[in-house]
Amino acid sequence: MLADSNKVIELIPQKHPMVMVDGLISSDETTTISKLSIIETNIFCSDGHFQVPGLLENIAQTAALRSGYEAWKNKVIPKIGFLGSIKNVSIMKLPADKDILLTKLTIMNLLTDVLIIKGEIFVENTLMAQGEMNIFLQ
């Protein structure tokens with residue numbers, strides 16, 4: 001693991017209770033994998049499941065974690081990202097409030113200051129949700 005929950009807090013701008021990633025598993029030029037251990041007190045848990053806004057926030061925070069990690073590794077200040085659009089979202093199944101999410105973020109394109117990503121959220125080997133986001137970098 002590249003970053004545990006303590007290091008993650010240093011790498012992303014979000015703070016509790018809005019932290020939706022708690023580990024950085026791997027990151028290379030095109031792919032980043034984060035982890036989130038869902039707890040029932042998570043603000044996006046309801047009726048025993050992690051809800052859609054939490055899934056989307058998890059993908060967005062995986063992008064923030066990637067940016068923070070790359071900046072830390074290269075000893076530069078990370079760029080601030082603003083979500084521009086979300087598209088092609090598919091929710092196959094809502095994770096349970098005790099599941100561990102592995103979120104795979106793939107860089108589809110980087111156009112000047114617009115990052116286009118695809119996020120896929122898995123519990124074990126089951127795809128739970130996926131979607132694309134455009135993130136504007138400042």
Side-chain angles (χ1 to χ4, degrees):
M1 184 172 315
L2 299 177
D4 63 13
S5 60
N6 293 324
K7 185 66 177 176
V8 165
I9 295 299
E10 296 174 22
L11 298 174
I12 63 173
Q14 294 83 2
K15 302 301 174 215
H16 291 292
M18 281 300 296
V19 174
M20 297 300 135
V21 289
D22 61 15
L24 177 60
I25 306 297
S26 64
S27 191
D28 61 29
E29 291 178 10
T30 60
T31 306
T32 298
I33 299 176
S34 72
K35 177 183 86 62
L36 174 63
S37 299
I38 303 171
I39 56 174
E40 60 187 310
T41 57
N42 185 297
I43 62 172
F44 292 117
C45 281
S46 178
D47 299 322
H49 291 91
F50 193 57
Q51 301 297 311
V52 173
L55 294 169
L56 296 174
E57 186 64 24
N58 172 258
I59 293 171
Q61 286 190 28
T62 299
L65 181 56
R66 174 190 175 78
S67 177
Y69 176 73
E70 290 297 318
W72 172 78
K73 190 169 71 170
N74 294 309
K75 297 179 174 61
V76 298
I77 296 171
K79 290 184 176 183
I80 296 172
F82 298 95
L83 189 57
S85 67
I86 301 171
K87 62 183 180 177
N88 300 326
V89 173
S90 298
I91 309 298
M92 289 67 165
K93 183 178 178 185
L94 293 176
D97 61 12
K98 295 196 180 1
D99 283 340
I100 296 173
L101 305 183
L102 292 180
T103 302
K104 178 182 177 184
L105 179 124
T106 304
I107 304 298
M108 296 174 61
N109 211 337
L110 175 59
L111 307 167
T112 313
D113 288 330
V114 179
L115 181 62
I116 302 169
I117 63 166
K118 178 179 181 180
E120 299 169 290
I121 300 174
F122 297 88
V123 172
E124 295 179 4
N125 291 323
T126 301
L127 180 63
M128 307 298 273
Q130 63 184 5
E132 297 173 17
M133 295 181 179
N134 293 344
I135 300 172
F136 294 92
L137 303 172
Q138 181 178 345

Does a side-chain heavy-atom distance below 4.5 Å link I117 with I59? yes
Any chain of hydrophobic side-chain contacts (each under 4.5 Å) joining I121 to I43? yes
Would you give the length of the straight line joining atom OG of S90 to atom CD of E120, rounded to the nearest 0.5 angstrom? 10.5 Å
same_hphob_cluster(I100, I39) at 4.5 Å side-chain heavy-atom cutoff: no
Considering all heavy atoms, the nearest I25-S34 contact: CG1-C, 4.2 Å
Does S37 offer a backbone N or O that forms a donor-acceptor pair with the side chain of D22 under 3.5 Å? yes
Would a 4.5 Å heavy-atom cut-off, applied to side chains only, mark D97 and N42 as touching? no
Determine whether a donor-acceptor pair (N or O, by modelled atom type, separation under 3.5 Å) exists between the side chain of K15 and the backbone of I9. yes
Nearest 0.5 Å, what's the CG-OG distance between L24 and S5? 12.5 Å
Check the hydrophobic clustering (I, L, V, M, F, W, Y; side-chain heavy atoms under 4.5 Å; chains of links allowed) and say if M20 and V52 are grouped together. yes
Between Q14 and A64, what is the shortest heavy-atom contact and its length? OE1-CB, 4.2 Å
Exam field: side chain T62 to backbone N58, donor-acceptor pair closer than 3.5 Å: yes
Least distance between heavy atoms, K79 atom then S67 atom: O-OG, 3.7 Å
L65 and T32: side-chain contact (heavy atoms from CB on, under 4.5 Å), yes or no, with the steps? CA-CA 9 Å; L65 181 56; T32 298; 5.7 Å; no
Close side-chain approach of M18 to F44, heavy-atom, < 4.5 Å: yes
Test I12 against Q61 for side-chain contact (heavy atoms from CB on, under 4.5 Å), laying out the working first. CA-CA 7 Å; I12 63 173; Q61 286 190 28; 3.8 Å; yes
Begin with the C-alpha distance, continue with both residues' side-chain angles, and end with the deciding distance and a verdict on side-chain contact (heavy atoms from CB on, under 4.5 Å) for L56 and M133. CA-CA 9 Å; L56 296 174; M133 295 181 179; 4.3 Å; yes
If I compare all heavy atoms of P78 with all of G68, which pair ends up nearest, and what's the gap? CB-CA, 4.3 Å
Under the criterion side-chain contact (heavy atoms from CB on, under 4.5 Å), I'd like the reasoning laid out for I91 against L55: C-alpha separation, chi angles, the key distance, then a yes or no. CA-CA 9 Å; I91 309 298; L55 294 169; 4.0 Å; yes
Donor-acceptor pair, side chain of Q51 and main chain of H49, under 3.5 angstrom: yes
Could you state the interatomic distance from CG (L127) to CE (M92), rounded to the nearest 0.5 Å? 4.0 Å
In the hydrophobic cluster built from side-chain contacts under 4.5 Å, what are the other members alongside I77? none
Salt bridge (Lys or Arg N to Asp or Glu O under 4.0 Å) partners for E124, two or more places apart: none
Hphob cluster co-occupancy, I86 + L94, side-chain heavy atoms under 4.5 angstrom: yes
Working to the nearest 0.5 Å, report the span between CG of L83 and CG of L115. 11.0 Å
Any side-chain heavy-atom pair of K7 and W72 under 4.5 Å: yes
To the closest 0.5 Å, what do you measure between CD1 (I33) and OG1 (T106)? 8.5 Å
More than 12 heavy atoms of other residues, nucleotides or ligands under 6.0 Å from CG of D47: is that the case? no
Verify same cluster id: V8, Y69 (apolar side-chain graph, 4.5 Å): yes
Of all heavy-atom pairs linking V123 and D99, the shortest is CG1-CG, 3.8 Å
Where is the tightest heavy-atom contact between K104 and F122, given as atom of each residue plus distance? CB-CE1, 4.4 Å
Side chain of R66, backbone of D28: donor and acceptor closer than 3.5 Å? yes
Is there side-chain contact between L137 and L110, with at least one heavy-atom pair below 4.5 Å? yes
Side chain proximity check, I38 to C45, heavy atoms < 4.5 angstrom: yes
To the nearest 0.5 Å, what is the distance between NZ on K118 and NZ on K87? 12.0 Å
